[in-house]
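Source: prediction; values computed, not measured. When a ligand or atom number is given, it counts from 1 through the structure's own listing order.
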Amino acid sequence: MSALAQNYKRKNLSFSSGKGSFLTSSNGKKYLDFVQGIAVNSLGHSNKNLIKAINKQSKKLWHVSNAFKIPEGEKLAKKLVKKTFADSVIFQNSGAEATEAAIKIARRYFFSIGKPHKTRIICIKNSFHGRTLAAIHASGSKKMTQGFGPKIPGFDHFKFGDHKKLKRLINKNTAAIMIETIMGEGGIKVIPVWCIKAISDLCNKKGILLILDEVQCGIGRSGKFFAFEYAKVKPDIVPIAKGIGGGFPLGAVLMRKKVAKAMVPGTHGSTFGGNPLAMAVGNAVLDKINKNLLTNVNKMSKYFIGNLNKLQKKYPKLIKEVRGVGLLIGLQLFTDQTIFIKKLMENRLLTIRAAENVIRILPPLNVKKSEIDFALKAINKVCMELE
Ligand SMILES: *Cc1c(COP(=O)(O)O)cnc(C)c1O
């Protein structure tokens with residue numbers, strides 16, 4: 001029996017190495033990896049720039065306390081600020097920590113301007129913001145919170161698309177609306193651009209903050225640096241993680257100046273967050289998330305989604321819908337997707353489930369057309385078998 005706790009239902013498959021879009025299993029079989037650690041390895045496996053960056057930094061300095069200045073972190077924060085809506089950054093180590101910090105920052109902002117009663121955060125029911133106690137209660141998911149009481153107060157929920165309810169939920173105690181720009185775990189549910197705009201307008205009108213969780217859809221995955229850029233809105237707080245570390249655990253909260261001002265010394269901290277090793281990798285990843293790479297994301301996305309739509313028309317009883325933006329793609333089936341994913345694996349294509357019978361397809365952002373062709377062939381073959 002495994003000495004690991006059984007909190008994951010793991011597939012009987014492990015890997016010994018990876019290169020680009022491919023993984024080699026411990027028994028020597030090659031797989032096309034369209035999971036990439038769940039949208040984490042944005043540049044694929046064993047990227048030479050990242051290897052160089054981590055090797056170089058590992059010989060100089062791994063970790064120092066945030067009691068001291070960390071130039072590598074200053075550099076990465078400056079780049080993020082230059083590239084985005086943000087004026088200021090706090091580094092963390094994961095997505096859940098980043099969303100948790102976002103909640104803290106929103107509350108502390110209102111506390112700092114003399115409105116300490118404004119603490120409530122409005123979220124979408126059955127969303128995903130990570131697995132800490134606050135984040136699971138923010139998600140409003142029965143499955144994730146069951147057995148983890150008492151309920152953490154301070155979160156209100158509305159159903160995806162129910163703007164009437166959303167408006168009704170806002171009251172004098174509301175601090176922020178926090179949503180994923182694209183709901184990843186929830187089944188690659190893309191929130192329409194008009195909807196993001198309406199929510200942003202509502203926040204401005206009511207004087208509350210907009211937190212857009214871009215942990216999964218951010219850092220180029222949508223074809224823009226941030227998915228909310230499609231809606232041309234300016235959020236107040238944006239937690240990021242997954243893609244920014246390229247495989248190294250790294251998260252961050254990006255924010256506007258007015259809220260950053262509330263985070264005075266002592267209000268938040270992390271032992272590991274923003275250490276030199278993580279920052280060296282983050283810098284190397286960010287340097288590669290450039291115009292060329294985004295062009296590749298958009299080109300490959302158009303090709304991939306276009307061909308998946310053709311497969312949907314070819315197998316209309318099996319595939320319900322193709323969802324997604326950029327290289328955050330979902331194939332929604334009419335029935336449970338478990339067997340489909342298993343058969344794709346037998347055909348050497350790795351994908352991962354999401355809610356609503358969705359097969360999540362997450363290639364690295366530098367994926368090649370020939371790799372997408374391999375995936376399309378495997379998907380077509382499995383469709384033929386299961387039709
Ligand atoms: C993955 C994810 C998180 C949590 O990230 P962890 O690094 O697993 O803590 C939070 N929000 C969204 C949208 C995510 O996809």
Side-chain angles (χ1 to χ4, degrees), residues 7-8 10 35-42 90-106 121-141 143-145 148 152 155 157 160 176-191 196 199 210-222 225-228 235 237-255 270 272-274 278 281-282 285 323-330 351-356 358-362 365:
N7 58 320
Y8 294 104
R10 296 175 195 271
V35 178
Q36 292 293 338
I38 314 191
V40 165
N41 311 319
S42 34
I90 292 178
F91 288 112
Q92 304 279 173
N93 313 285
S94 67
E97 276 184 322
T99 55
E100 182 97 16
I103 295 164
K104 284 181 69 181
I105 293 164
I121 316 277
I122 300 175
C123 307
I124 294 179
K125 189 143 188 62
N126 293 323
S127 51
F128 188 83
H129 299 290
R131 298 287 196 153
T132 61
L133 278 173
I136 58 173
H137 287 95
S139 78
S141 147
K143 203 173 135 200
M144 272 199 289
T145 52
F148 298 114
I152 305 281
F155 298 99
H157 296 99
F160 180 84
I177 297 173
M178 176 166 82
I179 55 175
E180 297 165 74
T181 321
I182 299 171
M183 296 173 70
E185 306 297 313
I188 319 289
K189 277 161 86 165
V190 182
I191 301 180
I196 300 276
I199 290 174
L210 177 59
I211 305 172
L212 291 176
D213 182 344
E214 293 250 352
V215 168
Q216 188 158 161
C217 61
I219 325 298
R221 180 137 305 264
S222 72
F225 189 76
F226 281 132
F228 66 72
I237 305 170
V238 173
I240 61 171
K242 293 194 169 89
I244 186 65
F248 197 90
L250 173 56
V253 193
L254 276 59
M255 69 204 111
S270 161
F272 293 116
V281 180
V285 172
R323 294 173 169 182
V325 180
L327 292 174
L328 185 56
I329 299 172
T351 58
I352 192 160
R353 67 178 304 284
E356 302 190 346
V358 167
I359 299 166
R360 230 177 331 172
I361 308 174
L362 304 162
L365 306 187

Sub-4.0 Å atoms of ligand 1 with respect to non-hydrogen atoms of [X]:
{"X": "Gly95", "result": "4 (C), 5 (O), 6 (P), 7 (O), 9 (O)"}
{"X": "Ala96", "result": "4 (C), 5 (O), 6 (P), 9 (O)"}
{"X": "Asp213", "result": "10 (C), 11 (N), 12 (C), 13 (C)"}
{"X": "Glu180", "result": "13 (C)"}
{"X": "His129", "result": "10 (C), 11 (N)"}

> Does atom 8 (O) of ligand 1 have a protein heavy-atom neighbour under 4.0 Å away?
Replying inline: no

Would you name the heavy atoms of [X] and [Y] that are closest together and state the gap between them?
{"X": "Ala138", "Y": "Met178", "value": "CB-CE, 3.9 Å"}
{"X": "Ala106", "Y": "Ala176", "value": "CB-CB, 4.2 Å"}
{"X": "Met183", "Y": "Ser127", "value": "CE-CA, 3.8 Å"}

> Quick one: does ligand 1 sit under 4.0 Å from the side chain of Lys242, the backbone, both or neither, non-hydrogen atoms only?
Replying inline: side chain

> N/O of Gln216 under 3.5 Å from N/O of ligand 1, yes or no?
Replying inline: yes

> Do Thr132 and Glu100 pass the side chain to side chain donor-acceptor pair (under 3.5 Å) test, and can you show the C-alpha distance, the side-chain angles, and the key distance before you say yes or no?
Replying inline: CA-CA 8 Å; Thr132 61; Glu100 182 97 16; 2.5 Å; yes

>> What verdict does the side chain to side chain contact (heavy atoms under 4.5 Å, CB included) test give for Ile329 and Arg323, after you've listed the backbone C-alpha separation in whole Å, the side-chain angles of each residue and the deciding distance to 0.1 Å?
In response: CA-CA 6 Å; Ile329 299 172; Arg323 294 173 169 182; over 6 Å; no

> Is Glu356 salt-bridged to Lys189, going by a charged N under 4.0 Å from an acidic O?
Replying inline: yes

